[in-house]
Amino acid sequence: MSSRHVSKGLWNNLMRNNVDLGLASIIYEIGVASKYIVHAMRTGDLGLAGTSNLYGEQQLALDVLANEIIKDRLDHTGQVKCFASEEMDNFLIFERKGPKQFSVVIDPLDGSSLVDVNLSVGTIVGIYKSDSVINIGRNLSGAVYVVYGPRTTLVYSTGNGVFEFTLNSLGEFVLTAENIQLKSSHKIYSIGGLRSQCYDNHIRFLNYLESNSYKLRYSGGFVADINQLLLKGGGIFTYPATKKDTNGKLRLLFELNPMAYLIENAGGFASNGEMPILDIQPESIDQREPVYIGSKEEVLIAEKFLKGESI
Ligand code: AFP
């Protein structure tokens, strides 16, 4: 029996999963943009390979460049009306003609300060079928992240499974994991924030984890830390409220909602300690929230500790 060659490429996967064409082209273009970002990161060439230097002679920080690359690729799709980025003070309405049924929020290069010490960084993308970027995360139509590490990998979900693709030497994203699912519990924990500034109930939760032999895995890069939990089967990441930052550090629109969407689609859960991240009504574009995200059991245990309950 001839084995019909089924391409494991990103576009074929999006089509086999019956993803809306407009949504699929946005996800695909994030993949295209990530290749230019990899090139800039690897070569320090802040122009765009194969095109004139679109950005003039000025030296652009990588996160600003990543933002420009993604913005241009998304505009090019004609599928995006409103675009908001952690790197921009305000959202942008694209002028280009097209169906423009979607709005997109991005953190173009999360953890950018880690590039100089050669640690993994990432791009985070949330996609809404809406003409506004201010939405609760539960209304996401899709989410993507890209990890720029020893390998470049792209993870997406549109609500029917979580899929990972790896960039090969030919510049193709090839399917490397499908329908990724977290275990209900797993003994990895990833904690941000200074312990001296954390509240007692959070400390009691950390002590619980440590006394139950959880292994500490923390890189300082949200995307890489979440990717590790997703691909190693679970655990918990937290960046809590602290006495210095009472709303935590991570941003609801650009970082937490897309990651919470992906983790929940992989069977996990994400909370701000009191309620699901995806149900929080955003009040401002740069709103921050405490976060407990990963395997459902660990997040629910965290919520109990934060309420002062014993487990
Ligand atoms: P940068 O994007 O400013 O490097 O911050 C990265 C980040 O937002 C997120 O990726 C990490 O989880 C978190 O900050 C790390 O914060 P700490 O450096 O305080 O641990």
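Both counts, for ligands and for their atoms, begin at 1 and track the order of listing. All values below come from the heavy atoms of this structure, side chains included, with hydrogens, waters and symmetry mates left out. These numbers come from a predicted model, not from an experiment.
- No donor-acceptor contact under 3.5 angstrom links the side chains of Y292 and E298, judged on distance only.
- Inspection of the T123 and Y148 side chains reveals an N or O donor paired with an N or O acceptor under 3.5 Å.
- For ligand 1, the atoms sitting less than 4.0 Å from at least one non-hydrogen atom of Y239 are 16 (O), 17 (P), 19 (O), 20 (O), numbered in the order shown with element in parentheses.
- Each of the following atoms of ligand 1 lies closer than 4.0 Å to a heavy atom of F237: 12 (O).
- Atoms of ligand 1 found under 4.0 Å from any heavy atom of S113 (numbered from 1 in listed order, with element): 4 (O).
- Shortest contact from atom 10 (O) of ligand 1 to any protein heavy atom: D110 OD2, 2.5 Å.
- Following chains of ILVMFWY side-chain contacts shorter than 4.5 Å, one can reach V105 starting from L256, so the two form part of one hydrophobic cluster.
- With atom 20 (O) of ligand 1 as the reference point, the heavy atom nearest to it among F254, Y218, F222 is part of Y218.
- Between R138 and E264, at least one side-chain nitrogen of the basic residue sits less than 4.0 Å from a carboxylate oxygen of the acidic one, meeting the salt-bridge criterion.
- Side-chain contact of Y36 with D72: a donor-acceptor pair under 3.5 Å is absent, judged by distance alone.
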side-chain hydrogen bond (donor to acceptor under 3.5 Å, both in side chains) for S271 and E303? Distances and angles first, verdict last.
CA-CA 8 Å; S271 166; E303 288 188 327; 2.6 Å; yes
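- R195 is listed as a side-chain neighbour of I203, based on a closest heavy-atom distance under 4.5 Å.
- Only side-chain heavy atoms of L250 come within less than 4.0 Å of ligand 1; its backbone N, CA, C and O stay farther off.
- Atom 12 (O) of ligand 1 is approached by the protein to below 4.0 angstrom, counting heavy atoms only.
- With atom 1 (P) of ligand 1 as the reference point, the heavy atom nearest to it among S219, G111, G220, G221 is part of G111.
- At the shortest separation from atom 16 (O) of ligand 1 among protein heavy atoms lies K249 NZ, 3.0 Å.
- Under a 4.0 Å heavy-atom criterion, E255 is in contact with ligand 1.
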